[in-house]
Amino acid sequence: MRRIAVAGASGLIGNALVRSLTADGFQVRRLVRRAARDPLEVCWDPEQEYVDAAGLAGCDAVVNLAGAGVGDRRWSEAYKKRIHDSRVLGTRALARAIAALDERPGVLVNGSAMGIYGETGDRIADEDAPPGRGFLPELCVEWEAAAAPAEEAGVRTAFARTGLVVARQGGAWGRLFPLFKAGLGGRIGDGRQYWSYIALHDEVAAIRHLLERDDLSGPFNLTAPEPLTNREITGAMGRVLGRPTVFAVPAPVLRTVLGEMAGDVLGSARVVPRRLLESGFRFAFPGIDDAIRAALA
């Protein structure tokens, strides 16, 4: 496997994945939302369900991490539609383009999220747990189902149900670091909700694990082995950064600021990577302190 197409290559995870693959000598073709400027770019338009399938010809694998940022802004109905269409329509277009190829890639690793489980409270959720209810769980169900054309065409398909990625720049965690460094960090709500996290290094390694293992398909939770409460993670951030964590964001304030999205921030997701561990994957940074230090390195 030497040629890999990546959708969402400019995002936090996609960018790190492309760097990792390129460093190891893989030829990476990036899907771009404009006319391709060189042979390593593939033109596509997710919302219009268009993919230049010729650009995928000869690829051994495809990774789809594309999608509008869930936490980038307050959820208006228009932005929720953008979140939905960028994932569901884009995945469907990519899966159809793959299925139509005379010589198809061996594997599609498609993005998904631990949000598929919704509110879990103290209940542990592995890959066999049922979907939750609400915007994000229903979105994730549609998102994964949109890859059906590739699966039905015989392409091995794995779904990366990603947790909160611990990274210094980008993603939700990228917004936390400046606050905690300034001594303004603290628990959110009562702090008892579980946050299932993963170091960016381990996220990339897990995606590559799914690419390389011919026997792996279906859903995989990409989260560290031991989810922690928001209160525990707050303590770790203060401990590693050497800053106080006396501030707290009351739930009513968060709901006022974030609107509907606050329910997912205050909600509990105790998600574990059972299938990933059973497949032999080993985390480099399983603990929160090490994951935070890795993000700062």
Side-chain angles (χ1 to χ4, degrees), residues 1 4-9 11 13-14 17 29 31 33 42-68 70 80-118 125-162 206-207 209-222 271 274-276 279:
M1 182 170 60
I4 301 176
V6 179
I13 300 169
L17 175 65
R29 299 182 190 177
L31 274 72
R33 304 184 190 198
V42 181
C43 178
W44 82 320
D45 187 334
E47 284 81 1
Q48 297 300 317
E49 299 190 60
Y50 168 75
V51 181
D52 180 6
L56 302 178
C59 285
D60 303 300
V62 176
V63 180
N64 177 25
L65 303 171
V70 171
K80 284 167 67 176
K81 184 177 186 301
R82 182 179 171 193
I83 292 172
H84 172 277
D85 290 354
S86 64
R87 286 166 172 77
V88 176
L89 301 186
T91 296
R92 187 163 63 204
L94 195 54
R96 286 175 174 171
I98 290 170
L101 292 172
D102 292 331
E103 294 185 14
R104 303 181 187 100
V107 56
L108 166 64
V109 174
N110 204 76
S112 186
M114 70 174 185
I116 195 169
Y117 304 110
D126 64 14
E127 290 85 355
D128 290 333
R133 296 180 179 178
F135 173 65
L136 285 183
E138 291 164 15
L139 167 66
C140 290
V141 169
E142 279 195 76
W143 190 4
E144 293 185 8
E151 289 185 283
E152 293 165 359
V155 176
R156 178 173 66 87
T157 304
F159 299 99
R161 293 177 174 174
T162 298
I207 292 173
H209 181 73
L210 297 179
L211 283 170
E212 293 161 8
R213 282 280 299 273
D214 291 340
D215 58 330
L216 303 182
S217 61
F220 289 84
N221 294 336
L222 270 56
V271 179
R274 177 182 60 81
R275 295 195 68 213
L276 196 61
S279 73

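Keep in mind that this is a model prediction, so the values were computed, not measured.
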> Locate the shortest heavy-atom distance separating P130 from Y117; write the atom from each residue and the value.
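Heavy atoms only, the tightest pair is O-CD2, 3.9 Å.
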
> Is there side-chain contact between L216 and H209, with at least one heavy-atom pair below 4.5 Å?
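A side-chain contact exists here, since the closest heavy-atom pair is under 4.5 Å.
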
> Please report the shortest heavy-atom distance between L210 and V107, naming the atom on each side.
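Smallest heavy-atom distance, with atoms named: O-CG2, 4.3 Å.
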
> CD/Q48 to CZ/R33 distance, rounded to the nearest 0.5 angstrom?
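With rounding to 0.5 Å, CD (Q48) is 11.5 Å from CZ (R33).
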
> Rounded to the nearest 0.5 Å, how far does OH of Y50 lie from SG of C43?
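That separation rounds to 5.0 Å.
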
> Are the side chain of S86 and the backbone N or O of A68 linked by a donor-acceptor pair below 3.5 Å?
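Checked: pair present.
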
> State whether the number of non-hydrogen atoms from other residues, nucleotides or ligands found under 6.0 Å of D215 atom CG is greater than 12.
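Check passes, neighbour count above 12.
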
> Quick one: does R96's side chain have a donor or acceptor within less than 3.5 Å of a partner on P149's backbone?
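No: the side chain of R96 does not pair with the backbone of P149.
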
> Looking at R104 and L101, what are the two nearest heavy atoms and their distance?
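Answer, listing the atom of R104 first, then L101: CG-O, 3.5 Å.
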
> Ion pair present between E127 and R161, side-chain N to carboxylate O less than 4.0 angstrom?
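Result for this pair is no, no salt bridge flagged.
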
> Given side chains that start at C-beta, do those of V141 and I116 come closer than 4.5 Å, heavy atoms only?
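Of all side-chain heavy-atom pairs linking I116 with V141, at least one is under 4.5 Å.
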
> Output the distance between atom CZ (R275) and atom OG (S217), rounded to the nearest 0.5 Å.
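Between atom CZ of R275 and atom OG of S217 there are 6.5 Å.
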
> Any heavy-atom pair between the side chains of P105 and L56 that's under 4.5 Å?
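No, side chains not in contact.
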
> Which pair of non-hydrogen atoms, one from A153 and one from A99, has the smallest distance, and what is that distance?
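Closest approach of A153 to A99: CB-CB, 3.8 Å.
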
> What is the minimum heavy-atom distance between W44 and A66, and which atoms define it?
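That closest heavy-atom pairing would be CZ2-CB, 3.6 Å.
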
> For residues T157 and E151, is any side-chain donor paired with an opposing acceptor at under 3.5 Å?
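Per modelled atom types, T157 and E151 side chains form no pair under 3.5 Å.
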
> Do you know which two heavy atoms are closest between V42 and G55, and how far apart they sit?
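V42 and G55 have their closest heavy atoms at CG2-O, 3.5 Å.
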
> So how far is it from D85 CG to K80 NZ, rounded to the nearest 0.5 Å?
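It comes to 13.0 Å.
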
> Please round to the nearest 0.5 Å and tell me the distance separating atom CG of L65 and atom CG of L17.
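Answer rounded to 0.5 Å: 6.5 Å.
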
> Answer yes or no: is there a side-chain heavy-atom contact under 4.5 Å between L31 and N64?
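No. Closest side-chain heavy atoms not under 4.5 Å.
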
> Would you say the side-chain atoms of R213 pair up with the backbone N or O of S279, donor to acceptor, closer than 3.5 Å?
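Confirmed, R213 side chain pairs with S279 backbone.
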
> With a 4.5 Å limit on heavy-atom distance, are the side chains of N221 and L276 in contact?
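They are not in side-chain contact.
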
> Give, for atom CG of L108 and atom CZ of F159, the distance between the pair rounded to the nearest 0.5 Å.
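L108 atom CG to F159 atom CZ measures 7.0 Å (nearest 0.5 Å).
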
> Under 3.5 Å, side chain of R156 to main-chain N/O of L211, donor-acceptor pair present?
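Answer holds: yes.
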
> Under a 4.0 Å N-O cut-off, is there an ion pair linking E142 with R87?
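No salt bridge links E142 with R87.
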
